[in-house]
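Keep in mind the model is a prediction, meaning the values are calculated, not measured. Indexing begins at 1, ligand by ligand and atom by atom, following the structure's order. Heads up: numbering here begins at 1 and tracks the sequence.
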Amino acid sequence: MTSKLRVLKYGGSSLATTGHIERVAEQVARYRQTGQEVVVVASAMGGATSKLLSLAGEVSEDPSPRELDKLLATGESVSTTLLAMALRKLGVDAVSLDGAQSGIRTDERHFNASVLHVDTRRIRDELADGRVVVAAGFQGLGSAGELTTLGRGGSDTSAVVLAGALGAERCEICSDVDGVYSADPRVVPEASRIDAISFDEMIEMARHGASVLNPDAVTQARERGVEIYSRSTFEPEKPGTVIRAMRPAEPRVVGVAGHEELLTVTVTDMGTNPPAHELVEDLAPDDVFADHHDPRERCRHITVPAQRLPDPDAFAASVGSRLGGRVRVDTQCSSVSAIGFRVGTVDRFRDTSRLYTRKAGAGLQRSFAGDHSVTCVVHPHDAERVMNLFHQGFDCPMEKAA
Ligand code: ADP
Ligand code: ASP
Ligand code: MG
């Protein structure tokens with residue numbers, strides 16, 4: 001379609017109250033007045049999805065995945081309809097569409113579905129009729145005809161796939177933070193904003209816990225060639241961060257990230273060596289953050305971010321009771337990672353990450369490296385201290401290897 005199409009995603013913190021929704025509507029109305037076509041992708045109002053999850057937990061320890069997804073999708077029904085109403089009050093012709101109406105087709109996996117295809121016909125028709133489209137993030141239509149959701153933070157993915165399918169030049173992800181920082185500014189006050197970061201580095205930042213963007217969204221953006229522009233909702237004049245294809249010249253640490261809540265499933269007596277998700281049937285390959293053999297202890301550590309699971313406690317209990325003595329589930333784990341181009345291939349970065357962990361007085365449960373990351377697993381009490389020491393020690397955002 002046209003390059004003047006703007007795809008704007010507003011996160012839950014930007015839509016926390018009806019007052020926020022009205023301010024977002026005013027912003028969208030201003031863009032519309034300059035003749036731009038606008039597709040807004042909205043998350044649920046701040047906190048709504050977590051509240052719905054806990055409601056489900058109150059009535060069932062093991063809710064049906066189908067019903068759970070239908071319940072969670074109501075969060076985005078509320079925000080999109082309210083936003084469309086607020087726009088119409090401002091004289092802007094707007095229509096809210098759910099995931100199925102927006103043409104987002106997914107596989108059948110509930111709670112963490114993957115987008116397979118986008119049928120843009122309805123959205124294109126609405127735009128051609130001069131309307132602003134307010135599309136529900138986080139939800140799609142599974143191949144078996146059931147409603148699915150795309151995993152926590154999945155509205156980012158909805159926005160990216162819609163931007164790609166509609167031919168928008170870039171996708172703007174608007175949030176309560178004015179871009180991607182070298183660490184979560186709530187945890188590391190010295191963190192600084194990064195102007196531009198490569199898709200590969202951002203995927204690693206997000207996969208290692210930088211919740212400002214969803215990792216699947218950045219992977220889809222890389223695949224579809226959609227630049228992401230991460231920026232502040234209510235201070236749109238601030239510069240933000242561009243996420244795009246680029247190749248840094250040399251290894252560097254671009255930032256630090258961490259998962260506050262990880263589950264480590266330790267399996268002994270492994271027999272043959274099946275993939276982690278076959279060993280622990282409730283998991284899909286994408287749920288697994290790390291999978292390590294410990295030859296000395298003759299066991300395997302499978303690490304899963306809690307937010308990949310609808311109910312981490314129920315998961316721990318059910319895995320424990322099914323696999324019996326062969327398995328231990330540990331919930332007292334957090335990770336801290338240094339991320340950047342080829343970081344994991346440089347000995348010095350691997351060694352110093354362990355050094356900083358010890359310097360912070362933290363017990364190191366495990367450490368491991370990927371191409372673009374080095375990670376230490378520590379007790380949650382120590383994570384914030386280790387994170388700050390990593391940030392300071394690695395001289396973020398751009399320590400080079402030399
Ligand atoms: P939204 O509701 O807009 O989807 P999120 O809560 O998902 O917002 O993401 C924004 C939050 O991400 C920020 O408030 C910030 O605390 C957190 N965050 C974590 N890591 C980073 C980072 N590296 N840069 C910026 N923000 C980060
Ligand atoms: N509302 C969903 C969540 O809280 C999706 C999102 O916000 O992107 O995870
Ligand atoms: Mg988010």
Side-chain angles (χ1 to χ4, degrees), residues 8-16 20 24 41-54 68-69 71-80 99 111-113 135-140 148-161 172-195 197 201-218 228 230-234 238 240-241 243 253-260 305-310 336-340 383-384 387 390-391 396-397:
L8 297 152
K9 179 257 168 177
Y10 292 96
S13 49
S14 308
L15 303 167
H20 285 73
V24 165
V41 177
S43 294
M45 292 171 76
T49 308
S50 300
K51 173 86 184 132
L52 291 167
L53 267 172
S54 70
L68 186 65
D69 269 355
L71 176 70
L72 296 183
T74 63
E76 274 70 13
S77 301
V78 171
S79 58
T80 47
F111 196 70
N112 283 310
F138 181 55
Q139 51 179 267
T148 53
T149 63
L150 308 181
R152 296 308 306 267
S155 300
D156 296 347
T157 313
S158 315
V160 166
V161 296
E172 293 172 52
I173 307 261
C174 310
S175 184
D176 62 349
V177 62
D178 62 328
V180 178
Y181 276 61
S182 52
D184 185 341
R186 291 182 211 238
V187 181
V188 180
E190 290 79 35
S192 53
R193 188 184 51 80
I194 300 168
D195 282 323
I197 182 171
E201 287 170 316
M202 191 62 231
I203 289 168
E204 291 302 300
M205 285 282 282
R207 226 177 57 76
H208 288 79
S211 51
V212 59
L213 288 174
N214 174 295
D216 297 339
V218 190
I228 298 178
S230 160
R231 68 149 168 101
S232 157
T233 299
F234 295 118
K238 288 195 169 174
T241 300
I243 297 101
V253 178
V254 76
V256 300
H259 286 289
E260 263 172 63
Q307 66 158 15
R308 293 290 300 183
L309 308 164
V336 180
S337 309
I339 313 292
E384 194 163 324
M387 178 90 79
F390 265 43
H391 192 269
C396 292

How many angstroms lie between [atom1] in [X] and [atom2] in [Y], if you round to the nearest 0.5 Å?
X: Q139; Y: L72; atom1: CD; atom2: CG; answer: 10.0 Å
X: R193; Y: S230; atom1: CZ; atom2: OG; answer: 9.5 Å
X: S158; Y: L150; atom1: OG; atom2: CG; answer: 5.0 Å
X: M205; Y: S182; atom1: CE; atom2: OG; answer: 7.0 Å
X: T74; Y: L52; atom1: OG1; atom2: CG; answer: 4.5 Å

Of all the heavy atoms in [X], does at least one lie under 4.0 Å from an atom in ligand 1?
X: K9; answer: yes
X: G179; answer: yes
X: A183; answer: yes
X: A257; answer: no

Exercise. For G11, is the nearest heavy atom under 4.0 Å from an atom of ligand 2?
Worked result: no

Exercise. With a 4.0 Å cut-off on heavy atoms, is G137 touching ligand 2?
Worked result: no

For this session: Among V254, I173, I243, find the one that has a side-chain contact (heavy atoms from CB on, under 4.5 Å) with V180.
Result: I243

In the protein, what heavy atom is nearest to [atom], and what distance, to one decimal place, separates them?
atom: atom 27 (C) of ligand 1; result: V212 CB, 3.6 Å
atom: atom 7 (O) of ligand 1; result: S211 O, 3.3 Å
atom: atom 3 (C) of ligand 2; result: R152 NE, 3.4 Å
atom: atom 14 (O) of ligand 1; result: R186 NH2, 2.7 Å
atom: atom 7 (O) of ligand 2; result: S43 OG, 3.3 Å
atom: atom 15 (C) of ligand 1; result: D184 OD1, 3.4 Å
atom: atom 23 (N) of ligand 1; result: Y181 O, 3.0 Å
atom: atom 6 (C) of ligand 2; result: S155 OG, 3.4 Å

Run the numbers for me: atoms of ligand 1, each under 4.0 Å from some heavy atom of [X], listed by number.
X: D176; result: 10 (C), 11 (C), 13 (C), 14 (O)
X: G11; result: 1 (P), 2 (O), 3 (O), 4 (O)
X: V180; result: 24 (N)

Looking at ligand 1, does any of its N/O atoms fall within less than 3.5 Å of an N/O of [X]?
X: P185; value: no
X: S13; value: yes
X: S175; value: yes

Any side-chain heavy-atom pair of [X] and [Y] under 4.5 Å:
X: S50; Y: R152; answer: yes
X: S175; Y: S13; answer: yes
X: V41; Y: F138; answer: no
X: V218; Y: E204; answer: no
X: L8; Y: R231; answer: yes
X: C174; Y: K9; answer: no

Exercise. Does atom 12 (O) of ligand 1 have a protein heavy-atom neighbour under 4.0 Å away?
Worked result: yes

For this session: Give a yes or no on whether the backbone of D195 and the side-chain of T241 come within a donor-acceptor separation of less than 3.5 Å.
Result: no

For this session: Decide whether an N or O pair under 3.5 Å exists between G151 and ligand 2.
Result: no

Exercise. Which ligand 2 atoms does T49 reach within 4.0 Å, using its non-hydrogen atoms?
Worked result: 1 (N), 2 (C), 3 (C), 4 (O)

For this session: Show which atoms of ligand 2 fall inside a sub-4.0 Å distance from at least one heavy-atom site of G153.
Result: 3 (C), 5 (C), 6 (C), 8 (O), 9 (O)

Problem set entry | Donor + acceptor pair across side chains of T148, D69 (<3.5 Å) | no

